[in-house]
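One structure is given here, and the rest of the page talks about it.
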Protein chains: 2
Amino acid sequence: MATSDPVYLRVVEDIRRQINDGTLPPGAPIPSRAQLTRKYQVGETAARHALRVLVTEGLIIGRVGSGHYVRERPILMPLHRWRFPEHPTPFAADLQTQGRRVTWEWQIDSTEATPEIARRLRLPLSAKLTRTRYLYRGEGRPLQLAISYEPVEFAAHLDEERRGVMARMSAHGVRITEIRETVHTRVPRPAEADALQLPAGTHVLHVERTHWAGERPMETSDIVLPGDRFRVTYSMPVG
Amino acid sequence: MATSDPVYLRVVEDIRRQINDGTLPPGAPIPSRAQLTRKYQVGETAARHALRVLVTEGLIIGRVGSGHYVRERPILMPLHRWRFPEHPTPFAADLQTQGRRVTWEWQIDSTEATPEIARRLRLPLSAKLTRTRYLYRGEGRPLQLAISYEPVEFAAHLDEERRGVMARMSAHGVRITEIRETVHTRVPRPAEADALQLPAGTHVLHVERTHWAGERPMETSDIVLPGDRFRVTYSMPVG
DNA sequence: CGACGACCCTTGGAGCCCCAACTTTGCGGC
DNA sequence: GCCGCAAAGTTGGGGCTCCAAGGGTCGTCG
């Protein structure tokens with residue numbers, strides 16, 4: 001409102017308003033740098049800066065040679081947890097119940113515990129682990145990355161039919177009694193931005209999930225989701 | 001690695017590496033624009049752009065007239081949920097158990113249901129609601145915003161001693177049986193960035209919490225936390 | 001009628017410059 | 001020894017320009 005604040009903000013706020021109130025629907029082109037300078041009577045630097053801010057906010061996307069366009073408002077897919085604790089891929093399972101086809105790839109290898117993973121699994125640094133990397137896709141687009149770590153001795157049945165963590169562990173006489181998850185948000189690492197095809201400026205949701213058997217952590221995984229497309233939902237019965 | 005990618009990225013990656021491996025500890029000054037142009041043999045535009053990217057990523061902070069500094073790596077405060085379902089302010093409660101003093105302010109007023117809130121509470125748009133706005137502070141700094149909505153008839157005891165949602169409802173014969181929470185991340189709204197004193201480029205965690213009595217939603221709240229400082233933790237016993 | 005190339009426009013990288021507002025520092029005077 | 005002020009350095013807003021790479025369009029040629 002104040003006419004004293006930066007001119008590029010005037011442009012940003014005007015375009016943002018138009019996107020929010022639907023004047024500029026998803027897919028609509030944003031005026032080019034040259035058009036903005038004329039329309040708002042600002043220099044090229046200000047026009048360019050305004051566009052960059054909007055890209056960073058995830059509201060618009062720039063295509064070289066073509067223009068800037070209002071980004072598709074992603075349907076925030078609810079990822080119901082807790083109702084599928086026995087399923088190895090609750091996210092995928094739930095997405096399928098919503099009529100979406102979800103496919104996944106995974107790679108299994110062996111590794112040693114990093115400081116962070118050792119802390120989470122309460123194991124020494126030299127501990128041998130089986131690492132499984134998952135990439136989930138829906139409608140051709142990557143949806144979610146996950147890396148799971150568990151002691152090698154439990155991963156025996158993994159190749160044959162990908163049974164869930166809990167089923168696999170119970171085959172070894174280990175009963176999972178609790179799942180703990182921590183959700184936070186951060187800037188994607190370059191590899192993640194690449195794998196998930198994230199536009200610049202978007203954040204990811206990072207879910208840290210650990211399966212516990214009593215007081216012993218048995219498996220832990222890092223789940224990375226595009227933060228602007230996903231919600232993680234928890235349901236907790238009371239009393 | 002490739003010498004063909006933008007020069008500003010070379011600067012970004014070098015500084016990012018130094019921050020990550022501890023060469024530049026929290027609080028350490030980043031070379032100024034003029035120094036960067038000399039050190040990396042780049043133009044002012046590239047140096048400036050590199051700094052802006054690092055600010056956007058939340059790694060450094062710029063102070064006008066002084067310089068850029070490595071941001072304090074915030075201790076990601078774990079916010080354990082589920083263990084305090086009976087407490088109206090589980091976040092605050094948990095922070096106190098970690099030896100932090102947390103204070104809060106709140107304002108109560110009346111409002112009508114917005115489309116979003118009406119949907120969540122399954123009420124008509126004209127429904128009268130009691131809205132309570134909370135601002136939590138710890139060590140002087142704002143920590144968390146929350147806005148709670150509930151039908152006016154349940155808010156009776158709110159003034160006297162701020163009993164929790166569930167206790168207040170049970171005084172009216174309503175038994176809460178389930179809490180559902182949805183976590184996602186987004187860019188803060190201007191008012192939120194202001195209230196939470198968020199630096200540019202940081203995201204917030206948005207927790208949508210609804211208290212249910214059987215199949216009826218009874219109360220819903222929006223909880224907004226600085227995404228780079230907080231984790232939300234869920235613990236789920238497995239049957 | 002279809003394919004291909006020329007031309008225009010757009011983004012994104014990069015360079016250089018000016019200026020206001022603010023911080024830090026160091027020097028001179030009391 | 002201390003205070004205050006001036007000078008130097010720094011960020012952030014803004015302006016202008018050049019250029020490479022790529023998208024779009026239209027007209028021409030085979």
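Throughout, a chain's letter reflects where its sequence line sits, starting with A, and its residues are numbered from 1.
Side chain of T220(A) to main chain of R209(A): a donor-acceptor pair is present (N/O by atom type, distance under 3.5 Å, no hydrogens or angles). Without hydrogens or angle criteria, T37(A) side chain to E44(A) main chain gives no donor-acceptor distance under 3.5 Å.
Regarding contacts with the backbone of dG14(D), every side-chain N or O of Y8(A) stays at 4.0 angstrom or more from both OP1 and OP2. Residue H49(B) places none of its side-chain N or O atoms closer than 4.0 Å to OP1 or OP2 of dG15(C). At the phosphate of dT10(C), neither OP1 nor OP2 sits under 4.0 Å from any side-chain N or O atom of H68(A).
Between Y69(B) atom OH and dG9(D) atom C1' there is a gap of 11 Å when expressed in whole angstrom units. Here dT11(C) presents its C1' atom at 11 Å from CD1 of I60(A), a figure rounded to the nearest Å. The distance from atom CZ of R33(B) to atom P of dT23(C) is 17 Å, rounded to the nearest whole Å. What separates CG of L36(A) from C1' of dC16(D) is a distance of 17 Å, to the nearest Å. Atom pair L51(A):CG and dT10(C):P shows a separation of 12 Å (rounding to whole Å applied). Between the CG atom of L9(A) and the C1' atom of dG14(D) there is a distance of 13 Å, rounded to whole Å. Per the geometry, CD belonging to E44(A) stands 14 Å off P belonging to dC19(D), to the nearest Å.
Mapped onto DNA chain C by nearest heavy atom, G65(B) and A46(B) fall at different nucleotides, with A46(B) at the one closer to the 5' end. Each of R52(B) and S32(B) was matched to the nucleotide of DNA chain D holding its nearest heavy atom; the match closer to the 5' end belongs to S32(B). Between T45(B) and Q35(B), the one whose closest nucleotide on DNA chain D sits nearer the 5' end is Q35(B).
A donor and an acceptor atom never sit less than 3.5 Å apart when one is taken from the side chain of R48(A) and the other from the base of dG15(D).
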When you look at V55(A) and I61(A), which way does the side-chain contact (heavy atoms from CB on, under 4.5 Å) test go after all the steps?
-> CA-CA 6 Å; V55(A) 168; I61(A) 186 170; over 6 Å; no

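Within 6.0 Å of atom CZ in R120(B), more than 12 heavy atoms from other residues, nucleotides or ligands are found, so the atom counts as buried in its surroundings.
Closest to the V42(B) side chain, of the nucleotides dC18(D), dG15(C), dA21(D), is dG15(C). Between dG23(D), dT24(C), dG13(C), one nucleotide has an atom nearer to the side chain of S66(B) than all others, and that is dT24(C).
If you check every strand for non-hydrogen atoms under 4.0 Å, R63(A) touches sugar and phosphate atoms only.
The pair D14(A)-R10(A) does not meet the salt-bridge criterion, since no charged nitrogen lies less than 4.0 angstrom from a carboxylate oxygen.
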